[in-house]
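Written out below as structure tokens is the structure these notes cover.
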Amino acid sequence: MFRAIRPTSTLYRASALYKNAAVSSPARVSMAMNFARMYSAGAGLARSDVEKRVLDILAGFNKVDAKKISLKANFNADLGLDSLDTVEVVMAIEEEFSIEIPDKDADEIKSAEQAVEYISKRDDAH
Amino acid sequence: MILGIGVDILHLPRLKGLLSRRPDRFLTRILTEVEQKEFKVLQQQAGGADQEGPLRYLGARWALKEASYKALYPHHKLTWQDVTVAKQDGKPTLVIPEKERFGIGKSHCSVSHDGEYLVGQVLFESP
């Protein structure tokens, strides 16, 4: 399944890699994104990059108030996400970092910070 | 003795939306293998996963597994794959292969529908 493209993060990464290239077509954008991911996988994931990607996932949820998004914000208490939303967040993280998160681990991810911690322990995340 | 009770309410259109966004992983996360097979059959019969039959099947399992989690918390944290919802004489029953390990004796459950809403209730007895 093809991952959902979030325009902001995609453009950000694409422009960082192709400073002179005019980002005009979706094909070019997704290609740039793939290069970014291959580069990250080889070099290991920078924590700041993981943090940004996790926060971008949260920003992609309509019901989340962008002003409340932070690393420490609890999905349920602070962001107003219920169990169905949280399962969707975990699935989005799985797709973003190309990993499968077992139920037991997924149950312990209740904030962006906990997600970042978990991803940093997964060598196969990229 | 009663070990715990749990209840969960679900608005089916939300399930439909999530299923359309995550058609594969959502099913493998929530449903056990035997349930996934049953779901596929229902999906084929109904002509799509977003039809009422498969949606209600999935919704009942979502709600009963959530209710099971609540009923056993904080003694243990049940996961989606720990519980299979089966039907016996038209009534839902919970199949929990490792129930001894979780300290569960008999279990009781019930589901109710009204329009777009569905509610699941679970009661666990100690052994």
Side-chain angles (χ1 to χ4, degrees), chain A residues 1-10 30 37 53-54 56-65 74-77 79-111 114-115 117-119 122 124-126, chain B residues 6-33 35-36 49 55 58-84 96-98 101-102 116-120 122:
Chain A
M1 187 175 57
F2 194 73
R3 65 196 294 280
I5 293 177
R6 284 173 298 280
T8 47
S9 66
T10 305
S30 74
R37 310 188 100 205
R53 286 160 69 187
V54 170
D56 278 350
I57 287 171
L58 293 174
F61 279 73
N62 286 337
K63 70 188 281 186
V64 173
D65 181 350
N74 182 280
F75 292 156
N76 177 243
L79 301 182
L81 299 175
D82 65 13
S83 53
L84 201 59
D85 298 317
T86 308
V87 165
E88 188 165 8
V89 168
V90 169
M91 288 190 291
I93 292 171
E94 286 186 324
E95 193 177 31
E96 173 67 28
F97 294 94
S98 306
I99 51 175
E100 195 160 302
I101 303 175
D103 285 347
K104 280 250 180 303
D105 297 334
D107 196 47
E108 301 303 321
I109 299 176
K110 293 170 183 137
S111 69
Q114 287 170 345
E117 280 296 326
Y118 179 77
I119 293 159
R122 288 282 299 256
D124 54 344
H126 60 274
Chain B
V7 65
D8 193 68
I9 187 168
L10 174 67
H11 190 215
L12 282 166
R14 289 189 61 207
L15 195 72
K16 190 175 176 176
L18 183 44
L19 192 58
S20 71
R21 291 191 291 278
R22 306 273 168 192
D24 300 320
R25 183 57 178 136
F26 187 59
L27 293 176
T28 58
R29 184 167 281 283
I30 303 308
L31 302 179
T32 56
E33 277 182 31
E35 290 171 330
Q36 288 172 40
L55 265 188
L58 181 60
R61 272 132 198 94
W62 168 278
L64 287 178
K65 291 180 189 204
E66 275 281 304
S68 298
Y69 178 94
K70 294 173 187 176
L72 198 58
Y73 186 86
H75 307 292
H76 281 282
K77 290 180 179 176
L78 287 175
T79 66
W80 302 109
Q81 300 298 318
D82 289 330
V83 182
T84 292
I96 305 173
E98 293 183 86
R101 181 163 77 82
F102 297 124
E116 294 185 328
Y117 286 89
L118 176 158
V119 63
V122 167

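All chains are named by letter (A, B, ...) in the order of the sequence lines, taking the proteins before the strands, and each is independently numbered beginning at 1. Keep in mind that this is a model prediction, so the values were computed, not measured. Just the heavy atoms: all of them, side chains too, but no hydrogens, waters or symmetry mates, feed the values below.
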Non-hydrogen side-chain atoms of Leu18(B) and Met91(A) separated by less than 4.5 Å | yes

Leu84(A) side chain reached by Phe26(B) side chain, heavy atoms, under 4.5 Å = yes

Roughly how far apart are Ser83(A) OG and Trp62(B) CH2, rounded to 0.5 Å?
-> 4.5 Å

Is any NZ, NE, NH1 or NH2 atom of the basic residue among Glu108(A) and Lys77(B) found under 4.0 Å from an Asp or Glu carboxylate oxygen of the other?
-> yes

Positive for salt bridge (Lys or Arg N to Asp or Glu O under 4.0 Å) with Glu88(A), one of Arg25(B), Arg21(B), Arg29(B) = Arg21(B)

Spacing of Asp82(A) atom CG and His11(B) atom NE2 [to the nearest 0.5 Å] = 12.5 Å

What part of Leu10(B) is in contact with chain A, defined as an atom under 4.5 angstrom from a non-hydrogen atom: side chain, backbone, both or neither?
-> side chain

